[in-house]
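What follows is a single structure, written as structure tokens, with notes after it.
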Amino acid sequence: MNRSPVPRTHGAAATEGGPLLAARGVTRSFGATPALRGADLEVAAGEIVAVMGPSGSGKSTLLHCMAGILTPDAGEIWFAGERVDSMGDRARTELRRRRFGFVFQFGQLVPELPAVENVALPLLLEGRPRAAALDEAASWFGRLGLDGLERRRPGALSGGEGQRVALARALVTRPVVVFADEPTGSLDSLAGEQVMDLLVDSARDQGATVVVVTHEPRVAAYADREVVVRDGRVLGLDRAVAGTGVMP
């Protein structure tokens with residue numbers, strides 16, 4: 001399967017000085033229940049942003065809209081100067097496959113596949129030859145402290161090991177943005193810290209932008225900046241690290 005290469009511009013040049021990723025006036029309801037009520041969020045290239053809020057606040061819905069998984073009822077989603085919400089299904093699928101990486105709370109690994117094939121899956125879906133995809137996937141196991149676990153199936157991995165495999169799967173395509181939805185929610189404190197250390201270090205090594213949804217302050221502390229979602233709106237800035245280029 002031959003495809004033209006997708007540019008992997010990680011810097012601000014992709015958006016001509018504007019934010020890499022933005023949600024503007026986003027609303028989204030599930031039936032009669034509103035989840036987002038005019039949410040706004042901008043994320044700079046290379047920034048790590050923590051989106052906090054209580055359960056049911058709309059923070060995961062906001063992430064899913066920004067990632068092109070859900071389509072807003074109203075408002076706009078922008079990535080690298082393009083409207084994501086107005087793309088067709090095929091274009092959004094391609095965007096998620098080739099430009100975005102995902103880490104979810106329970107990993108969502110394919111139980112029938114060994115760990116190395118789970119990591120290689122995004123590369124295989126891109127059309128990479130199987131041997132090359134498996135070699136690239138295997139290279140992540142040493143980086144994430146998973147040596148010797150390549151052939152284990154997800155059911156034979158601990159929670160922390162499985163989440164590190166999921167992290168490798170998210171990073172193996174060298175995504176521009178990594179979306180992490182409660183990535184430590186099912187882990188104990190030590191395993192959660194290991195996953196966040198690896199996520200942040202690997203993302204910075206690759207120049208990737210990270211949007212992490214969490215309700216845990218210890219996870220949000222890894223971010224450059226924190227925002228709070230409550231009742232479907234982004235209410236404000238909790239903390240910013242000087243020099244991120246994004247002002248409250």
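Since we're looking at a predicted model, the values are computed, not measured.
Distance alone, capped at 3.5 Å, is enough to place a donor-acceptor pair between the Glu150 side chain and the Gly148 backbone. A donor-acceptor contact shorter than 3.5 Å links the side chain of Glu47 to the backbone of Ala44.
Checked against the 6.0 Å centroid threshold, Phe179 and Phe104 do not count as a close aromatic pair.
Asp85 and Ile77 get closest at one heavy-atom pair: OD1-N, 2.8 Å. Closest approach of Cys65 to Leu36, counting heavy atoms only: SG-CD1, 4.2 Å.
Shown here are the salt bridge (charged side-chain N to carboxylate O under 4.0 Å, His left out) partners of Glu82, two or more places apart in sequence or in another chain: there are none. In this structure, Gln105 has no side chain to side chain donor-acceptor pair (under 3.5 Å) partners at least two apart in sequence or on a different chain. With sequence neighbours left out, Arg204 forms a salt bridge (charged side-chain N to carboxylate O under 4.0 Å, His left out) with Asp224.
Thr184 and Glu216 share a donor-acceptor pair across their side chains, judged by distance under 3.5 Å alone. Using modelled atom types, one finds no donor on one side chain facing an acceptor on the other under 3.5 Å when comparing Arg90 with Thr93.
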Where do Arg230 and Met52 land on the side chain to side chain contact (heavy atoms under 4.5 Å, CB included) test, with the steps shown first? CA-CA 9 Å; Arg230 187 167 287 114; Met52 299 191 71; over 6 Å; no
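At least one cation-pi condition fails for Arg143 and Phe141: the charged atom is not both under 6.0 angstrom from the six-membered ring centre and inside a 45 degree cone around its axis.
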